[in-house]
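Everything on this sheet refers to the single structure shown next.
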Number of protein chains: 2
Amino acid sequence: MNGRPRIKDIAQRLGVSPATVSRALTGTGLVAEPTLSRIREAARAMNYRPNVSARNLRTRRSMSVLMVVRDIGNPFYLEVMKGVEQAAREAGYSVLMGNTESNPERETEYFDMLRDGHADGMILMTGKLPAGLDAAGIAISDLPLVVALETIEGSGLPHVRIDNLAAAREAVRHLVGLGHRRIAHLTGPLPEIMSRLRRDGWRAAMHDAGLAVPEAYEQRGDYLLRSGQALCAILCDLPEPPTAIFCANDEMAFGAIHELRRRGLDVPGDVSVVGFDDIYLSEVIFPPLTTVSQPRAEIGRAAMSLLLQVIGGDEVAAEPIVLPTMLKIRGTTGPAGTSG
Amino acid sequence: MNGRPRIKDIAQRLGVSPATVSRALTGTGLVAEPTLSRIREAARAMNYRPNVSARNLRTRRSMSVLMVVRDIGNPFYLEVMKGVEQAAREAGYSVLMGNTESNPERETEYFDMLRDGHADGMILMTGKLPAGLDAAGIAISDLPLVVALETIEGSGLPHVRIDNLAAAREAVRHLVGLGHRRIAHLTGPLPEIMSRLRRDGWRAAMHDAGLAVPEAYEQRGDYLLRSGQALCAILCDLPEPPTAIFCANDEMAFGAIHELRRRGLDVPGDVSVVGFDDIYLSEVIFPPLTTVSQPRAEIGRAAMSLLLQVIGGDEVAAEPIVLPTMLKIRGTTGPAGTSG
DNA sequence: TTGAAAGCGCTACCAC
DNA sequence: GTGGTAGCGCTTTCAA
């Protein structure tokens, strides 16, 4: 009686077998009504809690999943996580957060956690798989994996994402519609497919409008604020600076706006800026940011549902799930100036 | 050989006992050098990973901790989490995130997770303990608990926090120094000690400066953006509106600034605003927010270190650990107008 | 409908 | 140093 009660303690107290107690408490087995309520009653009275390690060992499941992101410091993931957590909770799962910081070693580490029983499945929000998985004789497609936000080319894994190209195209079309002709783009890290898609969307929209795409108008960034700021400075120093900048994410857009202001330029009076992601506070900065909004919580929920199917061994559609985006037209975009 | 290898498989392959393999792999026991490297080699070759459930069951530890916050959607916690995670990783622990959403039921749930072996300890960043713990015969002080950011009065738990009162006082003193005399305050939820301390810091600074504190200058908020906006509107409509507003957190400060702008008032030309927390993007909004910066990552690290001590059964100082804050004077505060 | 008992995979005790 | 082995607490056959 010292310490927490075990199933055995309940069984002894009630004069039944541990097996019966287990069945009653898990709700699976058939247990006669009087016994059932007696056991439940006793469990509550004794403040019983099943030991998860023992249960997990026996059932070979951990009832938790891993959500792995590039940078846990990025608030963008928060709402996605909320969606994941919600769907997970409903299914009785816990969510473990993994942070790779784009460190390959840590990516591998999370794959290890899958193998050692820490988690039953994993939602990857990183753009790539750790190297050396094949070498280790591990077939990706056999692992309970789901990819969200990003795309891992050729992996054949279930995906949940948005149509990055179409969304970027629409955003740039909005600028074109405002009369802008000199529209620049700050890209994300181009090795990644997501950055390339957004860039291609920008190019496509420019092409649609019959506009030139000077090489200098495509500046390569890394999604961070500082790069938005620095690249914007480069654009401003061009002989023919752009009148509008489409940024591959909101952070870079903030950085760009910061730099424009620093130079005494008005947004959107002199230069229009469009972001991507609609992160926390985008709506609240001044002027509020025009940006592409992703259904973040939805993405999280969908990814978790998909993962539950994978874990459950169900067949999962090969087609990626594509969720709709919305262009939020707010205060950082306006008509092109007469000089544009 | 089908499926993942067990310790037994390695043992058989090498003709040693499972006990030796376990000792070699955990690094604890004394194992002779030749055996040691043979085992390590075989483990790597066979791609062995220990089963955590089995290990946890046996060792009665989970090697993970729970970090419980009020609202996982609040970016403020991100950097704290980073600190926690870092310290945890160094000690070989994983971090589980808990989100109470101020729901008492969920608070209890996380305490349950402590009991069922999900975690070895818990860092509370919520302002209170769930009700009914005593009723359940659980002595708080026996639980491996640490409180960070917040304060749980009379709990006798180890704490890591900042000096909220002094920090608030300093922030308001800064406004006084700029010549402001009509300084209002948007509070957090006042049942909570942290909100009260910040409020008291404001009052103290006003008192220090011999300034009046009209009742209407203390507006009660809830840390959310909307409340900052709404309460700021009330202040603006006062017969004698304030020339400066000290907000109990940055989100409310953003809301207030938003409202001031909406009314065509200039920040800081017409009204100065000070926040608290120095959240993500505070530096980047325009003008950048003057605010009290907390050493978030430090707080997380310190809390985790403290928790490790508690888990390890060490004596922990009864005195709370108080980390220093810094007033970041940026763009939203300026001299009081001549009318002020 | 219930009980007996095996065993999930590991660690740690006790021998040698 | 190493091996044998008990057992962590639970679920789940198999029998009754």
Side-chain angles (χ1 to χ4, degrees), chain A residues 1-40 42-43 46-64 92 112-120, chain B residues 1-40 42-43 46-63 92 112-118 120:
Chain A
M1 240 9 216
N2 135 42
R4 295 170 36 207
R6 313 280 158 225
I7 251 187
K8 200 172 53 170
D9 299 322
I10 302 184
Q12 279 174 358
R13 156 110 76 121
L14 261 43
V16 296
S17 79
T20 306
V21 175
S22 171
R23 280 189 284 253
L25 261 25
T26 49
T28 56
L30 288 302
V31 179
E33 179 40 54
T35 329
L36 191 68
S37 33
R38 274 176 65 221
I39 292 174
R40 286 204 180 130
M46 297 169 78
N47 218 318
Y48 171 78
R49 286 248 94 203
N51 177 309
V52 289
S53 301
R55 170 178 288 174
N56 291 349
L57 175 59
R58 182 64 232 234
T59 58
R60 296 148 165 281
R61 294 193 306 166
S62 65
M63 294 308 280
S64 53
D112 286 345
M113 289 180 69
L114 211 53
R115 303 193 61 227
D116 69 20
H118 253 111
D120 298 336
Chain B
M1 239 9 216
N2 133 42
R4 294 171 37 206
R6 313 281 158 226
I7 254 187
K8 200 172 52 171
D9 299 322
I10 302 184
Q12 279 172 359
R13 155 113 74 125
L14 261 43
V16 296
S17 79
T20 306
V21 176
S22 172
R23 279 189 287 253
L25 263 24
T26 49
T28 56
L30 289 299
V31 180
E33 180 39 53
T35 331
L36 193 67
S37 35
R38 275 176 64 223
I39 292 175
R40 286 204 181 130
M46 298 170 77
N47 218 317
Y48 172 77
R49 286 247 94 205
N51 177 310
V52 288
S53 301
R55 171 179 288 174
N56 291 348
L57 174 58
R58 183 63 234 233
T59 59
R60 294 148 166 283
R61 294 192 307 165
S62 66
M63 293 309 279
D112 286 346
M113 289 179 71
L114 211 54
R115 304 193 60 225
D116 68 20
H118 253 111
D120 298 335

d([atom1], [X]; [atom2], [N]) in whole Å:
| X | N | atom1 | atom2 | result |
| --- | --- | --- | --- | --- |
| A:R6 | D:dC8 | CZ | C1' | 9 Å |
| B:L57 | D:dA6 | CG | C1' | 13 Å |
| A:D9 | D:dG9 | CG | P | 9 Å |
| A:M46 | D:dG9 | CE | C1' | 14 Å |
| B:R58 | D:dT5 | CZ | P | 16 Å |
| B:Q12 | D:dG4 | CD | P | 11 Å |
| B:N51 | D:dC10 | CG | P | 17 Å |
| A:I7 | D:dC8 | CD1 | P | 14 Å |

* Between the axis at one end of the helix from C:dT1-D:dA16 to C:dC16-D:dG1 and the axis at the other (five pairs apiece), what's the angle to 10 degrees? -> 30°
* Asked: Which nucleotide in the list D:dG3, D:dC10, D:dT12 gets nearest to the side chain of A:R23?
  -> D:dT12
* Identify, between B:P18 and A:S22, the residue whose nearest nucleotide on DNA chain D lies closer to the 5' end. => B:P18
* To do: Could you check B:V16 against B:A54 and say which one's nearest nucleotide on DNA chain D is further toward the 5' end?
  => B:V16
* To do: Scan B:N56, B:V52, B:D116 and name whichever one has a side-chain contact (heavy atoms from CB on, under 4.5 Å) with B:S62.
  => B:N56
Give a yes or no answer on whether the side chain of [X] reaches the backbone of [Y] with a donor-acceptor pair at less than 3.5 Å.
| X | Y | answer |
| --- | --- | --- |
| B:R4 | B:R49 | yes |
| A:R38 | A:L14 | yes |
| A:T26 | A:S22 | yes |

Roughly how far, to the nearest 0.5 Å, is the [atom2] atom of [Y] from the [atom1] atom of [X]?
| X | Y | atom1 | atom2 | result |
| --- | --- | --- | --- | --- |
| B:H118 | A:N51 | NE2 | CG | 10.5 Å |
| A:I39 | A:T20 | CD1 | OG1 | 6.0 Å |
| B:Q12 | B:R6 | CD | CZ | 12.5 Å |

* Structure fact -> Contact span of DNA chain C against chain B, any nucleotide atom under 4.0 Å from a heavy atom, 5' to 3', runs C:dG9 to C:dC13
* Indicate, with a heavy-atom threshold strictly under 4.0 Å, whether B:T35 touches base, sugar-phosphate, or nothing. => sugar-phosphate
* To do: Pick base, sugar-phosphate or nothing for A:A19, based on heavy-atom distances below 4.0 Å to the nucleic acid.
  => base
* To do: Locate the shortest heavy-atom distance separating B:M46 from B:P5; write the atom from each residue and the value.
  => O-CG, 3.4 Å
* To do: List the atom of B:V21, the atom of B:I7, and the distance in Å for their closest heavy-atom pair.
  => CG1-CG1, 3.9 Å
